[in-house]
Amino acid sequence: MATTPPRVRFAPSPTGLLHVGNARTALYNWLFARRTGGKFLLRIEDTDLERSEARYEDQLIEDLRWLGLDSDEGPGDGGQPDRGTFGPYRQSERLTVYAEHTERLLREGKAYRCFCTPEELEAERKVAAAGHGSQVYSGRCRALTQAVIEKNLAEGKPFAVRLRIEDRPLRFHDMVRGTVEFAAETVSDPILVRSITGGAGGVSAGVPVYNYVVTVDDALMQISHVIRGDDHISNTPKQVAIYEAFGWPVPEFAHLSTILGADRERLSKRHGATSIATFREMGYLPEALVNYLALLGWGAEDGKTETFTPAELTRAFTLERVTPSPAIFDFDKLNWLNRHYLKLADQGRVAALSWGYFGDRLPAREAAPESVKGWFDRVLALFVPAVDRLDQLPEKTTPIFGFDIETARNDPENAAVLAADSARTVLGELAARVRAHSGNVTPEVFKVWLNEIKAATGVKGQELFHPVRIALTGTHSGREFDKLLPLIEDGAGLNLGIPSVRQRVERFVGV
RNA sequence: GGCGCUAUCGUCUAGGGGUUAGGACGUGAGAUUCUCAAUCUUAAAACCCGGGUUCGAUUCCCGGUAGCGCUACCA
């Protein structure tokens with residue numbers, strides 16, 4: 001197995017948006033494949049017809065693309081043929097494959113028909129539970145005589161197909177946990193194919209069960225390393241038994257720990273954003289998310305490096321260094337990484353990504369004149385370092401785009417600043433100068449004004465600056481005036497509805 | 001209940017029979033600034049409990065406890 005390149009797979013169900021936990025599973029698979037020169041396949045587990053939807057499959061593929069997790073084999077999207085020669089890659093298109101394999105197992109005596117009804121099994125479980133024994137199937141249909149089987153069949157009795165498991169411990173190797181072993185008596189003969197209620201029919205009439213189809217698919221697609229969530233650990237012995245029944249080599253496993261929320265519960269919607277689509281909408285960069293997810297359950301060899309581009313990750317990643325314990329999703333650290341990558345990101349790219357968050361405050365980007373684009377780039381240069389995510393930009397840039405005077409006045413901290421006599425005096429002085437001035441208010445002019453006001457009123461420091469800041473930007477804190485003013489004045493000339501310094505002061509102070 | 005997995009600062013983790021138990025996020029303080037953010041410096045902060053094994057366990061073994069997962073003719 002070590003001599004041939006590994007083959008790994010990500011096998012999601014298209015029943016909803018791609019969750020960060022699954023995204024991490026996909027990432028680790030992808031990283032492992034890229035690191036080892038192996039193949040990364042995408043397989044769609046859409047056998048649950050009621051919950052699977054085509055639009056989720058499209059979304060899934062789109063999300064993976066956004067994260068940069070390209071697959072070497074998988075279903076073709078939009079009616080395209082499959083990529084790769086081990087298809088089809090949608091389970092719904094593989095039903096005959098499963099049926100053929102079931103027939104083989106039955107023929108070889110590795111599997112048998114079980115005529116027990118769900119009610120009977122339920123009763124059996126109840127008895128076992130009362131006697132606090134393990135709740136495993138008794139195996140009473142194992143030894144049905146041929147005559148009984150044929151009689152049942154003739155009567156049209158529904159049956160399920162079960163795998164006959166040898167009475168011995170089932171163990172497998174896990175690259176992150178070592179050897180995992182299950183005692184023989186804890187694993188009962190698993191159902192492979194569900195019974196079909198309401199009549200007979202061939203074996204193929206029943207719907208094969210998940211544990212069975214993944215195993216068949218993984219084997220047929222020659223998956224060498226099964227990297228998946230640790231909620232599958234308990235399923236693994238059954239799957240191992242299936243591999244062995246077919247005489248297939250058992251792959252290497254790597255079970256990834258669960259991602260938890262701050263309350264140590266499994267991460268879900270009530271913890272905030274959990275789907276990749278949502279993170280994208282919030283203005284996280286894919287490289288930040290990829291870096292963060294990589295760090296959630298894996299650490300660099302040197303124990304120190306925290307920032308990795310996807311390319312660096314593919315060089316550094318090994319399954320051996322994946323940690324087995326569950327990890328709590330930490331939005332603060334993700335934010336830190338996002339700020340990090342926002343600083344590194346190409347300006348044009350950030351501008352294109354940011355544009356949409358401004359709604360009708362900006363014209364459509366394609367239609368925007370160069371002057372607006374250039375000005376917007378300068379706005380971003382000043383404000384992007386101040387945000388965790390791009391969707392915070394509109395809020396952060398209200399000092400530029402304009403603010404609501406009433407809201408600004410009513411803010412408790414602003415109100416306290418404005419209540420001082422000195423504030424009134426300062427703003428009066430400022431208004432006088434604004435009226436007397438014509439043309440742009442440059443940082444130089446503004447500096448002179450502030451010095452004059454300081455000299456005339458004796459007010460200085462915060463008592464001078466804060467009221468001025470509030471009048472101009474709506475808040476007492478923010479970026480430096482000499483950076484803000486040119487942006488305001490230039491923006492005011494762009495027909496974006498941005499008030500000039502003069503307009504701001506006049507409106508705020510009143511005439 | 002049964003079975004399984006897991007257990008180092010608040011969080012993500014490094015480490016591993018003898019260490020000042022390392023890094024990062026976050027938090028506190030300081031520098032800078034009119035202010036905020038950023039940045040830099042700095043501080044506080046951890047080996048779940050109990051038994052072994054050993055000269056010596058946070059590290060190895062066993063047990064407990066806790067958290068999580070599975071326990072379906074769901075995926």
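This structure is a prediction, so every number in the text was calculated from the model and none was measured. In the text below, chain A, chain B and the rest are named by the order of the sequence lines, each starting its count at 1.
- Base pairing of B/rC34 is not made with any nucleotide, judged by Watson-Crick or G-U wobble geometry with both donor-acceptor distances under 3.5 Å.
- A close approach under 4.0 Å does not occur between any side-chain nitrogen or oxygen of A/Arg339 and OP1 or OP2 of B/rU39.
- Between the side chains of A/Asp230 and A/Thr258, a donor-acceptor pair is found at a separation under 3.5 Å.
- The base-pairing partner of B/rU20, taking Watson-Crick or G-U wobble contacts with both distances under 3.5 Å, does not exist among the strands shown.
- Nucleotide B/rU65: paired with B/rA7 (Watson-Crick or G-U wobble, both distances less than 3.5 Å).
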Heavy-atom protein contacts under 4.0 Å, nucleotides 5-13 of chain B, coded B base, S sugar-phosphate only, - none
SSS---SBS

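- Side-chain atoms of A/Thr236 and A/Arg228 include a donor-acceptor pair closer than 3.5 Å.
- Side chains of A/Tyr98 and A/Asp217: a donor-acceptor N/O pair is present below 3.5 angstrom, by distance only.
- Going from atom CD of A/Glu119 over to atom P of B/rA72 covers 15 Å, rounded to whole Å.
- Nucleotide B/rA14 is matched to nothing when pairs are restricted to Watson-Crick or G-U wobble geometry with both distances under 3.5 angstrom.
- A/Tyr210 and A/Asn235 form no side-chain donor-acceptor contact under 3.5 Å, judged by distance and modelled atom types alone.
- A distance of about 33 Å separates the P atoms of B/rU39 and B/rA7, rounded to the whole Å.
- Across the protein-nucleic acid pair, A/Asp217 atom CG and B/rA75 atom P stand 13 Å apart, rounded to whole Å.
- Residue contacts shown for A/Thr47 are limited to sugar-phosphate atoms, with no base heavy atom under 4.0 Å away.
- Taking atom P in both B/rG64 and B/rU6, one finds a spacing of 16 Å when rounded to whole Å.
- At a cut-off of 3.5 angstrom, the base of B/rC3 holds no donor-acceptor pair with the side chain of A/Ser234.
- Atom CG of A/Asp388 is separated from atom C1' of B/rC25 by 12 Å (rounded to the nearest Å).
- The residue A/Lys396 sits apart from the nucleic acid: no heavy atom pair falls under 4.0 Å.
- No hydrogens or angles considered: nothing links the side chains of A/Thr309 and A/Tyr341 as a donor-acceptor pair under 3.5 Å.
- As rounded to the nearest Å, B/rC36 and B/rA29 have P atoms that lie 12 Å from one another.
- For B/rG28, the paired base is B/rU42 (Watson-Crick or G-U wobble, both distances below 3.5 Å).
- A donor-acceptor pair under 3.5 Å is absent between the side-chain atoms of A/Asp391 and the main chain of A/Tyr284, judged by distance alone.
- Atom CD in A/Glu57 sits roughly 16 Å away from atom C1' in B/rA75 (whole-Å rounding).
- Across all strands shown, A/Asn235 has heavy atoms under 4.0 Å from base atoms, whether or not it also approaches the sugar-phosphate.
- The separation of B/rU41 from B/rC25, taken at their P atoms, amounts to 11 Å, rounded to a whole angstrom.
- Each of A/Phe182 and A/Arg162 was assigned the nucleotide of RNA chain B with the nearest heavy atom; the assignment lying further toward the 5' end belongs to A/Phe182.
- Residues A/Asp302 and A/Thr305 have side chains that bring a donor and an acceptor to within less than 3.5 angstrom of each other.
- Comparing atom distances between the A/Asp231 side chain and each of B/rC70, B/rU39, B/rC36 picks out B/rC70 as nearest.
- As rounded to the nearest Å, B/rC62 and B/rA44 have C1' atoms that lie 37 Å from one another.
- B/rU35 atom P lies 17 Å from atom CG of A/Leu485, rounded to whole Å.
- Within 4.0 Å (heavy atoms only), A/Glu265 reaches sugar-phosphate atoms of the nucleic acid but no base atom.
- Straight-line distance between the P atoms of B/rU11 and B/rG67: roughly 15 Å, to the nearest whole Å.
- Nucleotide B/rA57 forms a pair with no other nucleotide shown, judged by Watson-Crick or G-U wobble geometry with both contacts under 3.5 Å.
- Using a 4.0 Å heavy-atom distance criterion, A/Leu121 is classed as a base contact.
- Within 4.0 Å (heavy atoms only), A/Cys116 reaches at least one base atom of the nucleic acid.
- A straight line from NZ of A/Lys304 to P of B/rC25 spans 14 Å, rounded to a whole angstrom.
- Between the C1' atoms of B/rA21 and B/rA14, the separation comes to 10 Å (whole Å).
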Tell me, with the steps shown, if A/His225 and A/Phe32 meet ring pair (Phe, Tyr, Trp, His ring centres under 6.0 Å).
CA-CA 9 Å; A/His225 297 72; A/Phe32 178 73; 4.7 Å; yes

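- B/rA38 and B/rC47: their P atoms are spaced 31 Å apart (whole Å).
- A/Phe403 approaches A/Leu472 most closely through the heavy-atom pair CE2-O, 3.3 Å.
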